[in-house]
Amino acid sequence: MTQAVSQAYLLGISEGRSMLNCYLAAGDYQGLPDARAMLANCESRLKQGYAGEMRDCIKGERDFWRNQVRHMEKES
């Protein structure tokens, strides 16, 4: 069964990408350690009990960082 992707989930992905681009532009991005820290932060926020659109947004951001970690681990 196919599940629809919410606008909030897509916003979370967009926010993750924006954060990554800001870190890269500022020269503050340390690669895999930072991506793992961002992923852990998202997972921690999900455990705090957010619901609805906020939860979907955090899930989108989490999935963005999860994908970044996966790509970086393959490269190393």
Side-chain angles (χ1 to χ4, degrees):
M1 183 169 144
T2 306
Q3 188 174 8
V5 176
S6 73
Q7 192 65 31
Y9 180 85
L10 295 174
L11 178 62
I13 293 171
S14 177
E15 287 181 356
R17 173 144 326 270
S18 292
M19 279 190 269
L20 175 60
N21 288 334
C22 286
Y23 290 138
L24 290 171
D28 291 338
Y29 190 61
Q30 301 299 314
L32 188 55
D34 284 345
R36 284 181 176 150
M38 296 300 288
L39 176 58
N41 179 273
C42 291
E43 290 171 348
S44 173
R45 287 186 289 154
L46 284 172
K47 290 178 183 175
Q48 291 177 347
Y50 289 99
E53 289 184 352
M54 190 66 194
R55 183 170 184 80
D56 285 348
C57 186
I58 296 169
K59 283 182 175 182
E61 186 181 340
R62 176 204 59 196
D63 291 349
F64 171 81
W65 289 110
R66 185 180 286 161
N67 191 44
Q68 293 299 308
V69 167
R70 194 174 300 139
H71 281 295
M72 286 183 227
E73 287 176 340
K74 284 182 183 178
E75 292 175 0
S76 55

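Since the model is a prediction, treat every value here as computed from it, not as a measurement.
Criterion: ILVMFWY side-chain heavy atoms under 4.5 Å apart, direct or through other members. Under it, L11 and L20 are not part of a common hydrophobic cluster. L32 and M19 fall within a single hydrophobic cluster, where Ile, Leu, Val, Met, Phe, Trp and Tyr side chains are chained together by heavy-atom contacts under 4.5 Å. Note on L46: it does not cluster hydrophobically with Y9, by side-chain heavy-atom contacts below 4.5 Å among ILVMFWY residues.
Between the side chains of N41 and R45, at least one donor N or O lies within less than 3.5 Å of an accepting N or O.
The distance from the CZ atom of R17 to the SG atom of C22 is 12.5 Å, given to the nearest 0.5 Å. Note that OG of S6 and CZ of R55 are 12.0 Å apart. Values are rounded to the nearest 0.5 Å. Taken to the nearest 0.5 Å, the CD1 atom of I13 stands 9.5 Å off from the SG atom of C57. To the nearest 0.5 Å, atoms CD (Q68) and CG (D34) are separated by 12.0 Å. Going from atom CG of L10 over to atom CD of E15 covers 11.5 Å, rounded to the nearest 0.5 Å.
Residues forming a salt bridge (Lys or Arg N to Asp or Glu O under 4.0 Å) with R66 (at least two apart in sequence, or on another chain): E43, D63. Residues passing the side chain to side chain contact (heavy atoms under 4.5 Å, CB included) test with E53 are A8, sequence neighbours excluded. With sequence neighbours excluded, the residues forming a side chain to side chain contact (heavy atoms under 4.5 Å, CB included) with M54 are Y50, I58, listed by chain and number.
Side-chain N or O atoms of S18 include one that pairs as donor or acceptor with a backbone N or O of S14 at under 3.5 Å.
Note: Y29 and W65 have tilted aromatic rings, judged against thresholds of 30 and 60 degrees for the angle between ring planes.
Between M38 and E61, the closest side-chain pair of non-hydrogen atoms falls below 4.5 Å.
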